[in-house]
Every structure is written in structure tokens, then in C-alpha cells.
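Data first, discussion second: the structure below is written as C-alpha cells.
Convention: sequence-line order gives letters A, B, ...; per-chain numbering from 1. Side-chain atoms are counted along with the backbone in the values below, which use heavy atoms only and exclude waters and symmetry mates. Everything quoted here is computed from the prediction, not taken from an experiment.
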Amino acid sequence: MSDPIKLSLAEARDALKAKKISAVELTQAYVDEVEAGAGLNAYVLPTAEHALNMAKASDAKLARGEGGALEGLPLGVKDLFCTEGVRTTACSHILVGFVPPYESHVTSNLWRDGAVMLGKLNNDEFAMGSSNETSYYGSVINPWRRAGDTTPLVPGGSSGGSSAAVAARMCLAATATDTGGSIRQPAAFTGTVGIKPTYGRCSRWGIVAFASSLDQAGPITRDVRDAAIMLGSMAGYDPQDATSVDRPVPDYELALGQSLKGLSVGIPKEYRVDGMSSEIDALWDKGIEWLKAAGAVIKEVSLPHTKYALPTYYIVAPAECSSNLARYDGVRYGLRVEGSDITDMYEKTRAEGFGDEVRRRVLMGTYVLSAGYYDAYYLKAQKVRSLIAHDFIKAFADVDVLLTPTAPSAAFGIGENSDDPLAMYLNDVFTVTVNLAGLPGISVPAGLSSQGLPLGLQLIGRTFDEETLFKAAYAIEEAAGVQPAPAAWWKA
Amino acid sequence: MTMNVIMRDREPRAEDLIKGETGDWEIILGLEVHAQVTSNAKLFSGASTEFGAEPNTQVSLVDAALPGMLPVINAYCVEQAVRTGLGLQAKINLRSVFDRKNYFYPDLPQGYQISQFKHPIVGEGEVIIDLAGGRSESVGIERLHLEQDAGKSLHDQHPAMSYVDLNRSGVALMEIVSRPDMRSSDEARAYVTKLRTILRYLGTCDGNMDEGSLRADVNVSVRRVGEPLGTRCEIKNVNSIRFIGQAIEYEARRQIELIEEGGKVVQQTRLFDPKTGETRSMRSKEEAHDYRYFPDPDLLPLEFTQEFVDHIKATLPELPDDKKARLIADYGLSPYDATVLVGESARADFFEAVAKGRDAKLASNWVTGEFFGALNREGHSIEESPVTAKQLGELIDLISDDTISGRIAKQVFESMYKTGRDPAKIVEEEGLRQVTDLSAIEAVIDEVLAANPDKVEQTKVKPALVAWFVGQVMKSTSGKANPQVVNKILAAKLGLSSDD
């Protein structure tokens, strides 16, 4: 095979089944790419030997005509997923040297289906960030650059290692997690597809928690079909997660190519926010035209509480994280900085172990849950959260799916927003509502900006209606035509 | 937990008041009892709860709070909490919510305890406590909620470090909060005793205070009679009923002295030191934690149906108050005897097995007297008793059919207790059968009368001396003569009127 890394996940799957390539050959090609792309800093822990061993086992299965849905396909795993015997740190210093004796439910599903692990991918520390700049292991560099410019850009966050690795062809697909947009925004910034499924679709068991009521796992892939294949393997009920939902996982691939005739698409008017670039506006209009041309009916809808979504999110998520991160106390695992007594040890350990953004959120969360502030912040935020969810319920009485931009801008330069947390938080303006309401959302590449950077459109669906998302996203992908891959400047 | 001021209106009893320098004081007491749920697995993990295992051998990934681990509710613990709520005549909430109580401590791996704050599984209920002289009082239950226990810090294993044992981490506890309805240490002790009895009847907590299965936080305040409630202090984690009494007595007097000397009681958490019998300050209100309670996002609200509750209700055992009432009604027992018997269901069951088809008063006397006496003396539980209910019943039958006298029966019982043999066998083998053969007894009596003519004369003047003759006859027959028969014949022979 001339250049195996050009194959999509679906194509590689078919090539393996047809014995046009072996899993070891495919994996070796990716191992080489991971090595060649080390400068992007997408991987925090490549596991080449492990990958080749898994590939060998896959080849044996494939030779016997056996093998699962992902047999022999090399993937990257976000460092938020605990992987048995393989260091997992959530890219935080506080988890230095932590090697889990267990495997997350989602990655277990992938290995069950035969996938191969290339290594652990970079992310914002504890998934807190929108640019992958808060990682203890340093920023990830977006494989995309502005035309005629070598300024390093962010790959989005928090799943920046996942989006960069998929865009740079350093894996076939990657796992990711999304608490406020951490799958969809990086996908938009790197010209990849990212889906955050309905809350409860994937088990959270074994994923380092950020904000439990918002966290969901999902894939980042090169195209919609690959996303459908990946989610089909990652999703599923898990009795170990009380918020996991027990319902069958459909064959999402079957939704691809279905007609959009009669599909009702809502355009939420509140998403036309001030200061959004005209480019994004134009992209959105283009998306509307594509869906219309494919037979969909377009309707304007109202989500009146949208403007409260960001403040609500930045109360709920930090509140939960302040409690979720209390377990990192230096007592049992990870970093311990000795102190004169237990309180001193706690303070030194947590001061050294957590980066600025994590500390900021732990402090915010602690504040909003404090006696005297709980009602004004946390309780009120929960009420607004219900109103936001209700907005969607009302809208979905009228339409089948919503179309919005994924992010208000294209990828920005490393360091551009890092001194201004509020500007950074605005990246999530179109995505956090979806997490607050527990809905599925997908980002699909829809073209390039005038500077040659990828831009994404987001589709939001009813709970557990990922199939409609795949169907509509596939139509946009078809209409947008073949998207270019980034020039592989990092190999030069 | 803040103490609710909803309380029962009670006239103070003079004997409960504490005399101070400046007048009489009333003690107001409310208890928060932590009862470990009887279950094989922990509240949110499958790890074992067995007591006494090697440190850190019963710890799941969830209990140790490893990254990404999630709690899953143990349905059996929920059932146990509902069962307990029903046993406390309490309102069962079909929807309750688990909250996180956040604080840092090395034996709290998650950095928070999963508990129930605003919406507990069980609401208001009532416990009737049994007091001296047959008096009873009602103590209101404010709520019962489920929560996780913490691990244990070991401070005596290393010169500079503390060790942590997580075996207890995550074990299910029921926190049972009473209204401040108690007015004396006796009432507080009676409350914990009764609560423990109810829990044991229900099988929802073994009540073993020395293993930490039952612990109490005692809220104590004092006031002059008729005045509003005083400031309370909370004495944490008192682990025996005796200590509860001691801690209350000490703390009430401390508060009274403080106020009478012009001071003020400061709201604080205190610890009871069993060595000194004193309480000392642990932390003041200002140092109190801000627990930042909020609903645990890893757990959905706990919801179940009325049918689930009804199903549990249908399997409830007879509870102590009902059993007591029935023992009084069916067996004619005194309230005191009935209270003693229902203190443990095994005791009441033993009694009923003995009393069935027999003289209830005789059965009660034997069970509460000789039998319990022997158990106490030997430190045996009912389950460890060498004498079965069937055997004790047979012994009573031997008394009732005049095979042996009551006095001989005591001797037979001692032998039964030592050897576990059947009473009939002991009576037979040791020749203890009561002599009821009139001619045989008459012969002995004649012998005694003939040997003591002076005493016969005296008896004519002083009939009470007949007892001396009874004693002599019993002595000659090694106690085997039927005392009633002896009495009757003696009376006739001595020309006295018999009461018989």
C-alpha cells in the first residue's frame, strides 16, 4: 500500500478486512508519524511497543477471519482516560507517575473491538481550557497555519492533542471528552469531526472527572463516517456509572446518506452574537443553504436563555470540579510535597500540583458553594440550567435538529488569549448550552477561512438522537466537498 | 447538622432538674446516632464490610477514590434504611438526594463524604423510651439519612507519621437525628438502648458499640426552668451507653457552673474523655467547617415506589413495643418483666418458647430469674446458652406435675447449665424425684415428731414452729418430699388448721 496514513478509519478497516494491508504495517506507519510529529506535542506518552503488540494480536485474529469492528485500527487516547498499566495524568503535575490498575469503560470497549493504542494524547490540565495551553506537558501546536504565516496556532481545547493528532494524521481517530465544548471546538479548529453524544451515552467510569454532570466522552475523527464507527464502539450502558443510560446502541453508520427530505432544521436567532466574524456568519448561511438544497426545511427558533449559558456554565462546572479535584491531596497517589503537618502538606502539594487555570476554577467553585453564596450562585445557576434545557425542549417540539457555528472564530495563536480568561471562555459560547442541556452535538468541517484555517458548523440534536446528527452532518460534509489536509510542515 | 428547635412541650419533672447555686436547671438533650447498616457490601462499592480485617484489605477503587471512579448505590442499604424508617414509625420519602459534604481529611479519600442533606430518605418518626418505674416517654425523630463512613487514622504506628486504614471508608451509615426531647441522662441512655433494640429487631444494625457500629453525637444545653433554649454544645462520637450518661452529666454541670459564674456557653464541638470523665473543646463555631454541601452529580436522585416500601413493610418483624404489649396481654406479665424480655428479641423468643402451654408467671420467673442470672454470671448470650428453651420448659413441667419441688428444680437447673443434659434425665439419674407417697412421708414425719416431743409441745403454743418441722422433714428426705404434702400432714398431726 502506497501511503496507508491517507486511509480514513473506514477505509483502513476495509483494507485490513480485504488483507490489502496488515495491522502491523498500518500501525508501524502511524508509529512513524507519531515520531515525526513529536514537535506538535500532541502525544504526552507514545506507546509504540504496546501498539505493535496489539497490532500483532489483531493480525492473528484477522488471519483467522475474526476480529471486532475496530480490529487493528490505531487510535490515540486522551490522557483523561485511565489506561491500565499506562501512565495517566490528565496532563496535571498532581498525577505525576500515576499508573492506573484499571481501564476506563470507553477504552475497554475500543480494545474489546480490536483497536490499537498508539499512546496518550495531550489535553488541557484536567480538561480545563479551550486551547490546550494549560497542560502540564506544554501547548499542543495546531497542524494548521494561517496562509503564508508560521505563527503557531492552538488546536483548541481541551482535547487539543486529540484534534491535532487526527488532523496531522498521527492516528486514525482519537478519543476525547467534552464538558463545555472540548470535543467540538478543537474539531472545528483542526478541520476534523467531533461528536459529543447525549449525556449518559458513554460511561464516565475511568475517565478523570472534571464536572460530572457535564462530562461526556466522544471521538474526534477525520470524517463523519469514522465518527459514527467510533461512537458505535465507545457508547454503551455501564452499570458502574449511575448516570449511564441503558438503551441499545444503534448502528450509526446506517444513518449516513439517508435523505434529509422533510428534516426540520432550526436556526437559533440568539446565536448571532455581537462581535462574531462575518466569515462565521457567512459559513453559517452556507450551511443553511446546503441543508436546504438537500431537502431540509429551515426554521428560525428562539433559545431565549442562551445569554445566561456561559455564566451558568462557569458556576456549575467549577463547583463540581472544586469537589471532584479534592481527592488529589497527596495522601494516596500522585504528587506529594512534604510539609510540617497535614494541612501544610495539602497546601504545598496542591499549590505545586495544580496549574493556574485549575486553581482558578477550584477557587471559583469553592466560592460559589460557600455558605452565604450557594443560593445566589450555585442554586440560581441550577435553575437557569433548567431554563436552558427547557428552551431546547421547546425548540425540539418544532424542529428535528439545530444548526449553529461551532466556535465564534478560527484557531488563534498560542499565547493570544492566555492572559484573558474571559476571552478564552467565550470560545465555548455555542457549545456549553449543549452540555448544560445534556444534548448531543457534532462539529463538522465546513470550509476554510480567508486565512486558510478550518471552520466548523455544529449540529445539535434531541437526546439520544445521534443518528439525525450523523445524517445531517454527512450531508454537510458531502456538500462542502473534499477538505484539504494540512500541509505536513512539521515533518520538514 | 444543625439542631432543629421543633421539640415536644414537656413539663419539667422535679427529679430531672439539676440544682445549681442559683436555682434549678433543666437539661435539653438531642442525639444524632450513627448506626452502621448491616450489609455485606459498602454503600457505594462492592467491598466487604466485615469487622476486624487487616488494614486496607477491604478497599475498592471507589473507596480509595482513584481517579475516574464512580459511586453506585447499594440497593440493599436503601432497603435497610427504609426498613429502619418503618421501624421508627417514620415517613418514608420516595425521593431523596445524595449530597457531597466537602472537607479535607486523610481518612476521607474523596475529599467529600456522600451524605443526604436537604432531602433525606426518612423523615419524621417516633421512639417510645422505657424508663424506671414503668414510665415511658416519646422522643421525636427528625430524620434518618444514609451516608458513607470515613476511614480510620492510626496515629500510633510511626513516630512522625499517621497511617490510614480505609477498610471502613464507604461503609453505609444511617444517621438518626432525634428532636431535643430528652431531659435527663437516664432518658438519653434509655433512648439509645431502645433505638439499639429496634435496630437489632429489624436486623438493620448490629448495635455493637464496642466495634463502632453505633455511635452518638450528643447535643447538650441547659436552661432555667421556663426559660428559652440555651446555647448547645455537641459531644462527638460517644461510643458506649455508659459514656453517654457520664458525658451528659459532666457537660450539663459544666454549662451550669459556667453560666452561674457569669460566663456564657459558646457553641462548640466537644470530645468526651472516658479516662477523666470530662468533655473538652474540639472546635468552636468559628472553626467549624464550611461543608459546601451540593447534590452529588455522580448520583441521580434516589427514587423508589410505594410498592417497594409496602413490600418491606410486609416483612417487618414484630417490634419491641408491640411485643411488649402482647406479652402483657397474652401472658399477664408485668410491664417490668415484659420490658426486660423484649430488650432482645432472642430473650422474648426464648420466653415464649418456654411459656407456650405452661404457667406464664412460672415461666417468666424462671426465664428472668434463674436463666438470665446464669447467662449474666457466665457472660453467655442467649445463643450461647447451654440450656435450650425446650429443656427449660421440661424443667418447669417437672415442677408443675410435682415430680420435683421448686428448690430441687434450682439444683437441677444448675446441673443442666453445667452439662446441657435434659432435666428428666438429671432427676432420674440423681434420684431427685419428689416423694409424694403419703405413707412414706408420714413415716418420716412420725419419726421426726417422736424424736422431738418438746418441740411438739411448743408448737401448740406457737404454731409458727411448724416450719421447723417442715425443715427437718425436708432434711431427712434430702428435699425430695413434696413441701405441700409435708405441711398438710404436719398440720393434721399437730392439730393445727392448714391453709391448704
Side-chain angles (χ1 to χ4, degrees), chain A residues 80-82 88-90 92 95 98 100-102 104-105 126 200 203-209 211-215 238-244 316 319-320 322-334 342-343 345-347 350 365-374 378-379 382, chain B residues 2 44-46 56 59-75 97-114 117-118 151 153 155 160-166 169 285 288-303:
Chain A
L80 228 59
F81 292 81
C82 288
T88 302
T89 66
S92 177
L95 274 170
F98 177 67
Y102 50 94
S104 85
H105 187 259
F126 283 107
S203 167
R204 294 181 298 112
W205 193 88
I207 301 173
V208 177
S212 313
S213 75
L214 301 160
D215 295 345
D238 177 8
Q240 299 171 105
D241 174 1
T243 63
S244 165
V316 174
E320 293 182 12
S322 73
S323 175
N324 280 339
L325 269 56
R327 66 187 57 200
Y328 308 111
D329 57 5
V331 173
R332 297 171 312 287
Y333 48 78
I342 184 72
T343 306
M345 188 278 276
Y346 283 154
E347 290 176 357
R350 289 169 65 85
T366 303
Y367 179 80
V368 300
L369 290 176
S370 297
Y373 298 100
Y374 180 87
Y378 184 78
L379 200 62
Q382 289 295 11
Chain B
T2 50
F44 296 111
S45 86
N56 295 314
V59 186
S60 77
L61 299 171
V62 175
D63 306 326
L66 266 74
M69 290 301 101
L70 299 171
V72 177
I73 185 76
N74 177 342
V97 175
F98 285 104
D99 296 283
R100 292 185 182 179
K101 178 181 180 178
N102 295 281
Y103 65 96
F104 283 94
Y105 205 69
D107 61 23
L108 187 73
Q110 296 167 128
Y112 54 83
Q113 176 196 32
I114 305 177
F117 185 48
K118 283 190 184 160
S153 292
H155 301 296
M161 312 277 268
S162 289
Y163 287 1
V164 176
D165 175 10
L166 294 180
S169 165
K285 194 184 176 188
H289 297 293
D290 178 353
Y291 290 121
R292 289 169 282 125
Y293 281 100
F294 76 108
D296 191 329
D298 285 331
L299 294 161
L300 302 173
L302 178 61
E303 292 177 323

For this session: Mind telling me whether A:Y346 and B:F104 have parallel, tilted or perpendicular rings, with 30° and 60° as the class edges?
Result: tilted
Exercise. Given that the side chain runs from C-beta out, which part of A:F81 has a heavy atom under 4.5 Å from chain B: side chain, backbone, both or neither?
Worked result: neither
Exercise. Do the ring centers of A:Y378 and B:F294 come within less than 6.0 Å of each other?
Worked result: yes
For this session: Taking side-chain hydrogen bond (donor to acceptor under 3.5 Å, both in side chains) as the test, write out the residues that go with A:S370, two or more places apart.
Result: none
For this session: Pick one of side chain, backbone, both or neither for A:A319, based on which atoms fall under 4.5 Å of a heavy atom in chain B.
Result: backbone
For this session: Please confirm whether the backbone N or O of B:P109 pairs with a side-chain atom of A:R332, one donor and one acceptor, at under 3.5 Å?
Result: yes
Problem set entry | Contact winner vs chain B - A:L369, A:T343, A:D241, heavy-atom pairs under 4.5 Å | A:L369
For this session: Begin with the C-alpha distance, continue with both residues' side-chain angles, and end with the deciding distance and a verdict on side-chain contact (heavy atoms from CB on, under 4.5 Å) for B:M69 and A:Y102.
Result: CA-CA 10 Å; B:M69 290 301 101; A:Y102 50 94; 3.2 Å; yes
Exercise. How close do A:S323 and B:N102 get, heavy atom to heavy atom, and via which atoms?
Worked result: OG-OD1, 2.9 Å
Seminar exercise, completed: Okay, B:L66 and chain A: the region with an atom under 4.5 Å from a heavy atom over there is both
Problem set entry | Verdict with reasoning, A:N324 to B:Q110, per side-chain contact (heavy atoms from CB on, under 4.5 Å) | CA-CA 8 Å; A:N324 280 339; B:Q110 296 167 128; over 6 Å; no
For this session: With a 4.5 angstrom heavy-atom cut-off, could you sort out which part of B:L166 is near chain A: side chain, backbone, both or neither?
Result: side chain
Seminar exercise, completed: Turns out that what part of A:L214 lies under 4.5 Å from chain B's heavy atoms comes down to neither
Seminar exercise, completed: Most heavy-atom pairs under 4.5 Å with chain A, out of B:V72, B:D296, B:D290, B:L299, belong to B:D290
For this session: Can you tell which part of B:D298 gets under 4.5 Å to a heavy atom of chain A, answering side chain, backbone, both or neither?
Result: both
For this session: Not counting sequence neighbours, which residues clear ring pair (Phe, Tyr, Trp, His ring centres under 6.0 Å) with B:Y112? List them please.
Result: none
For this session: Name the option with the most non-hydrogen atom pairs under 4.5 Å to chain B; the candidates are A:S203, A:G330, A:S213, A:A326.
Result: A:A326
Exercise. Do other residues, nucleotides or ligands put more than 12 heavy atoms under 6.0 Å from A:Y374 OH?
Worked result: yes
Problem set entry | Closest heavy-atom pair and its distance - A:E320, B:R100 | O-NH1, 4.2 Å
Problem set entry | Top contributor to chain B contacts, counting heavy-atom pairs under 4.5 Å, from A:V331, A:I207, A:D215, A:D329 | A:I207
For this session: Could you look at A:Y328 and say if it's the side chain, the backbone, both or neither that has a heavy atom under 4.5 Å from chain B?
Result: side chain
Problem set entry | Rounded distance (nearest 0.5 Å) linking atom CG of B:L70 with atom CZ of A:R204 | 5.0 Å
Exercise. Of all of A:T366, A:L80, A:T243, which one pairs up most often with chain B through heavy atoms under 4.5 Å apart?
Worked result: A:T366
Problem set entry | Most contacts with chain B, counted as non-hydrogen pairs under 4.5 angstrom, among A:S212, A:P100, A:P239 | A:S212
Seminar exercise, completed: Counting heavy-atom pairs under 4.5 Å with chain B, the top scorer among A:A209, A:P101, A:A371 is A:A371
